[in-house]
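The next block holds one structure in the form of structure tokens; read it before the comments.
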Amino acid sequence: MPKRLAMITAALLALAAAPLLAQDIRTDVDPAAALKGLRGPAALSQHNEAPTMTQLEDGAERRVRNYPEQPPTIPHDIDGYQVDLNANKCLSCHARTRTGESGAPMVSVTHFMDRDGQFLAAVSPRRYFCTQCHVPQHRVAEEVGNSFVDIDSLIAPRADRQ
């Protein structure tokens, strides 16, 4: 029992110390510059000017997905769409019975499956709230750097070597 207690105590101490170890402890960096973040250079006591509204990426082209099972983005404006227990505006175009007249892609067959993998006649209640996974895209510059590399880019150098 004492050995187990010691292991649990060590694990808790490691968890408590993790935020301290993750902080940037370099002394050559100005702390104010290092912590500016998305807020910009304004102090917390000052008000920033509101950013300008950005344009939605409004097009019919489908975006390339970066990983399997990535939800596709919404290529149009959805302001004012009702998606709640009473109605789902998305299904007025994307439902199986409406895609012929709307030209919109049908929701994925995965949206018709329950949690046990059984297919349903209608969209599963757990997949009914579209904006839980799908979002419209705005045309904006990256505020925070991103070094994401998709799987195809990682595999390509290996395939070239073989």
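Everything numeric in this text was worked out from a predicted model, so none of it was measured.
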inquiry  = Can you tell me how far apart CZ (R98) and SG (C90) are? Round to the nearest 0.5 Å.
reply    = 13.0 Å
request  = Might you confirm whether atom CD of E69 has over 12 heavy atoms from other residues, nucleotides or ligands at distances under 6.0 Å?
outcome  = no
task = Could you list who else is in I74's hydrophobic cluster, with ILVMFWY side chains joined at under 4.5 Å, directly or through other members?
result = I78, Y81
ask   = Between C130 and N88, does a side chain to side chain contact (heavy atoms under 4.5 Å, CB included) hold up when you go through it step by step?
value = CA-CA 8 Å; C130 307; N88 183 328; 3.5 Å; yes
query = Heavy atoms, side chains only, cut-off 4.5 Å: are H94 and P105 in contact?
reply = yes
message = So, taking the atom named CG in L56 and the one named CG in D77, what distance separates them when rounded to the nearest 0.5 Å?
response = 5.0 Å
request  = Kindly indicate, with the supporting measurements, whether the criterion side chain to side chain contact (heavy atoms under 4.5 Å, CB included) is fulfilled by N86 and Q82.
outcome  = CA-CA 9 Å; N86 300 318; Q82 182 179 356; 4.1 Å; yes
Intermediate values then yes/no, side chain to side chain contact (heavy atoms under 4.5 Å, CB included), D150 and Y67 = CA-CA 7 Å; D150 70 3; Y67 54 90; over 6 Å; no
message = Is there a continuous path of hydrophobic side-chain contacts, each under 4.5 Å between heavy atoms, that joins F129 to V107?
response = yes
ask   = Should R115 and R126 count as side-chain neighbours, where that means a heavy-atom distance under 4.5 Å?
value = yes
inquiry  = Q118 vs M113, test: side chain to side chain contact (heavy atoms under 4.5 Å, CB included). Steps then yes/no.
reply    = CA-CA 5 Å; Q118 300 298 314; M113 292 170 45; over 6 Å; no
key: Modelled atom types, side-chain donor and acceptor of R127 and T110, under 3.5 Å   = yes
message = Within a 6.0 Å radius of atom CD on Q132, are there more than 12 heavy atoms belonging to other residues, nucleotides or ligands?
response = no
inquiry  = So, taking the atom named CZ in R65 and the one named OG1 in T73, what distance separates them when rounded to the nearest 0.5 Å?
reply    = 8.5 Å
message = Please determine whether residues F148 and I155 belong to a single hydrophobic cluster, defined as Ile, Leu, Val, Met, Phe, Trp and Tyr linked transitively by side-chain heavy-atom distances below 4.5 Å.
response = no
message = I need the M106 CE to T97 OG1 distance, nearest 0.5 Å.
response = 10.5 Å
inquiry  = Less than 4.5 Å apart, side chain to side chain, heavy atoms only: is that true for H111 and S124?
reply    = no
inquiry  = So Y128 and L85, do their side chains get closer than 4.5 Å, heavy atoms only?
reply    = no
